[in-house]
Amino acid sequence: MTALTTIQFTSATKRFAGRGNNIHTAVDAVDLLITAESRIGIVGESGSGKSTMVRMMVGLEGPSEGSVEFRGRSISALGRGDMRQFRREVQLVAQDTSSSFDPRRTLRDSIRRPVLELLGLKGSAADDAVDATVHSLDLDPSLTQRFPHQVSGGQRQRFAIARALVVNPKIIICDEAVSALDVSVQGSVLNLLKQHCENNEAGLVFVSHGLPATAFISEELIVMYQGNIVERGRTEDVIFSSTHEYTRTLIDAYRTTSDTPHKPGPRLTKVTA
Ligand SMILES: Nc1ncnc2c1ncn2[C@@H]1O[C@H](COP(=O)(O)OP(=O)(O)O)[C@@H](O)[C@H]1O
Ligand SMILES: [Mg+2]
């Protein structure tokens with residue numbers, strides 16, 4: 001294995017069998033390098049292939065063609081030891097769903113699991129790690145005694161982020177991780193996530209159909225359309241200088257909705273951070 005934490009897509013393609021004999025290309029020959037220094041945003045309309053890319057990043061889908069490698073080895077062929085290292089270094093936060101936590105376990109139990117399994121901490125050391133991470137996400141650690149259905153959706157989603165951050169991964173992948181949250185909560189969660197990555201020198205891949213959140217948190221922006229990367233570059237350049245028709249459509253759609261008073265949100269002001 002190579003020394004650095006990297007996830008490398010090389011001409012990675014994913015095809016699915018559709019209706020009849022149709023083969024649908026969900027992700028088309030994507031090249032992408034993710035490291036602990038990445039701050040990548042991936043944006044695109046629903047169905048553009050974002051989640052399929054995410055699933056390939058974490059080994060839930062193997063590519064139909066090309067390769068997706070962790071530290072130089074195919075993710076879909078990692079052995080037990082390498083898989084453990086992969087889980088230790090790469091963590092996914094998916095959109096809040098009723099199935100994101102085991103309903104029979106307290107939140108504390110669920111968040112302690114990766115601490116026990118991947119960090120080998122036990123007893124009060126494990127609890128301290130849980131408390132510190134939960135606290136850093138502006139959550140009251142006493143809430144962890146509850147079951148997942150006993151907290152609000154916004155709290156549960158922050159607990160899902162805590163479960164990913166608690167092992168201090170080198171790369172954090174978020175797929176629509178704030179999309180279900182109120183806009184007011186979204187901003188604070190984005191800030192906490194950004195802060196965590198800066199403080200812990202962790203890389204971030206932030207995937208969303210929402211441009212403002214993605215632009216806010218990323219330094220490099222990738223625009224997906226029908227399985228293809230149609231534009232990529234420094235976030236500022238893509239937002240302010242894009243001439244690409246599809247990207248302009250995304251930006252214009254946002255500008256129109258952001259002007260309506262009942263739909264406030266982080267504005268597309270110049271990203272200086
Ligand atoms: N397991 C699957 N089987 C068949 N088609 C799939 C599967 N997963 C995704 N797709 C298709 O691939 C395309 C991209 O989906 P997805 O990656 O979920 O897009 P996004 O996350 O951008 O909304 C869609 O047309 C979707 O229907
Ligand atoms: Mg998706």
Side-chain angles (χ1 to χ4, degrees), residues 7-32 34 38 40-68 75-76 90-101 153-154 156-157 160-161 163-164 171-181 183 186 189-190 193 204-218 220-233 235 238-239 242 244-254 257:
I7 299 174
Q8 171 99 57
F9 280 56
T10 309
S11 212
T13 294
K14 184 69 192 179
R15 300 187 206 283
F16 292 111
R19 277 194 205 133
N21 286 329
N22 279 354
I23 301 287
H24 176 72
T25 306
V27 173
D28 196 359
V30 163
D31 291 311
L32 178 65
I34 305 163
S38 298
I40 299 173
I42 302 180
V43 72
E45 65 192 4
S46 175
S48 56
K50 305 181 301 296
S51 292
T52 304
M53 263 175 76
V54 165
R55 292 171 67 77
M56 288 200 279
M57 277 171 212
V58 296
L60 291 170
E61 302 272 11
S64 316
E65 289 149 45
S67 62
V68 182
I75 296 179
S76 33
V90 180
Q91 284 285 324
L92 169 68
V93 182
Q95 182 156 6
D96 180 48
T97 63
S98 51
S99 62
S100 58
F101 279 101
R156 191 165 53 241
Q157 186 61 351
I161 296 172
R163 180 178 52 185
I171 295 174
I172 299 155
I173 300 166
C174 295
D175 188 5
E176 308 284 5
V178 302
S179 306
L181 303 178
V183 176
Q186 270 190 26
V189 173
L190 288 172
L193 207 49
L204 179 70
V205 180
F206 187 89
V207 180
S208 173
H209 65 279
L211 183 61
T214 314
F216 170 76
I217 208 162
S218 67
E220 179 188 353
L221 191 61
I222 289 176
V223 182
M224 298 281 298
Y225 181 66
Q226 295 187 349
N228 290 283
I229 293 180
V230 291
E231 188 154 17
R232 72 200 301 173
T235 300
V238 173
I239 298 288
S242 171
H244 198 283
E245 197 183 332
Y246 177 67
T247 310
R248 298 281 3 141
T249 315
L250 278 181
I251 294 169
D252 291 345
Y254 173 67
T257 54

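From a predicted model like this one, the values you see are computed outputs, not experimental measurements. Every number for a ligand or one of its atoms is a count from 1 in the order of the listing.
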J.: As a quick check of understanding, evaluate side-chain contact (heavy atoms from CB on, under 4.5 Å) for Val205 and Ile42, giving each step before the final call.
T.: CA-CA 7 Å; Val205 180; Ile42 302 180; 3.9 Å; yes
J.: Any idea which protein heavy atom is nearest atom 15 (O) of ligand 1, and the distance to it?
T.: Thr52 OG1, 3.8 Å
J.: Applying a strict 4.0 Å limit to heavy atoms, is Gly44 in contact with ligand 1?
T.: no
J.: With rounding to the nearest 0.5 angstrom, report the CZ to CD distance, Arg248 to Glu231.
T.: 9.0 Å
J.: Just to confirm my output: which protein heavy-atom neighbour is closest to atom 25 (O) of ligand 1, and how far is it?
T.: His24 NE2, 3.2 Å
J.: Of the non-hydrogen atoms in Asp28 and Thr13, which two are nearest, and what is the gap between them?
T.: C-OG1, 3.9 Å
J.: Just to confirm my output: which protein heavy-atom neighbour is closest to atom 12 (O) of ligand 1, and how far is it?
T.: Ala26 CB, 3.3 Å
J.: Below 3.5 Å, N or O to N or O, backbone or side chain included: is there any such pair between Glu61 and ligand 1?
T.: no
J.: How far is atom 9 (C) of ligand 1 from its nearest protein heavy atom, and which residue and atom name does that atom have?
T.: Phe16 CE1, 3.5 Å
J.: Got a second to check how far Leu193's CG is from Phe216's CZ, nearest 0.5 Å?
T.: 10.0 Å
J.: Which option out of Gly47, Gly18, Gly49 puts a heavy atom nearest to atom 23 (O) of ligand 1?
T.: Gly47
J.: Please could you name the atoms of ligand 1 that Ser46 approaches to less than 4.0 Å, counting only its heavy atoms?
T.: 23 (O)
J.: Return yes if some donor-acceptor pair links the side-chain N/O of Ser208 with the main-chain N/O of Gly210 below 3.5 Å, else return no.
T.: yes
J.: Regarding Glu220 and Thr235, do their side chains bring together a donor and an acceptor under 3.5 Å, going by distance alone?
T.: no
J.: Between the Mg ion (ligand 2) and Ser51, is there an N, O or S atom separated by less than 2.8 Å?
T.: yes
J.: Could you list which atoms of ligand 1 come closer than 4.0 Å to a heavy atom of Glu45?
T.: 22 (O)
J.: Work out whether the distance between some heavy atom of Lys14 and some atom of ligand 1 is less than 4.0 Å.
T.: no
J.: Do NZ/NE/NH1/NH2 and the carboxylate oxygens of Arg15 and Glu65 come within less than 4.0 Å?
T.: yes
J.: Counting only non-hydrogen atoms of the protein, does one fall under 4.0 Å from atom 7 (C) of ligand 1?
T.: yes
J.: Taking Val68 as the fixed residue, which of Met56, Arg55, Met57, Met53 is the one that meets the side chain to side chain contact (heavy atoms under 4.5 Å, CB included) rule?
T.: Met56
J.: Give the residue, atom name and distance (to 0.1 Å) of the protein heavy atom nearest atom 18 (O) of ligand 1.
T.: Ser51 CB, 3.7 Å
J.: What atoms of ligand 1 come closer than 4.0 angstrom to any heavy atom of Ser48?
T.: 19 (O), 20 (P), 22 (O)
J.: Protein heavy atom under 4.0 angstrom of atom 27 (O) of ligand 1, is there one?
T.: no
J.: Verify the distance criterion only: is there a donor paired with an acceptor across the side chains of Glu176 and His209 at less than 3.5 Å?
T.: yes
J.: Give the intermediate values and the outcome of side-chain contact (heavy atoms from CB on, under 4.5 Å) for residues Phe206 and Ile40.
T.: CA-CA 6 Å; Phe206 187 89; Ile40 299 173; over 6 Å; no
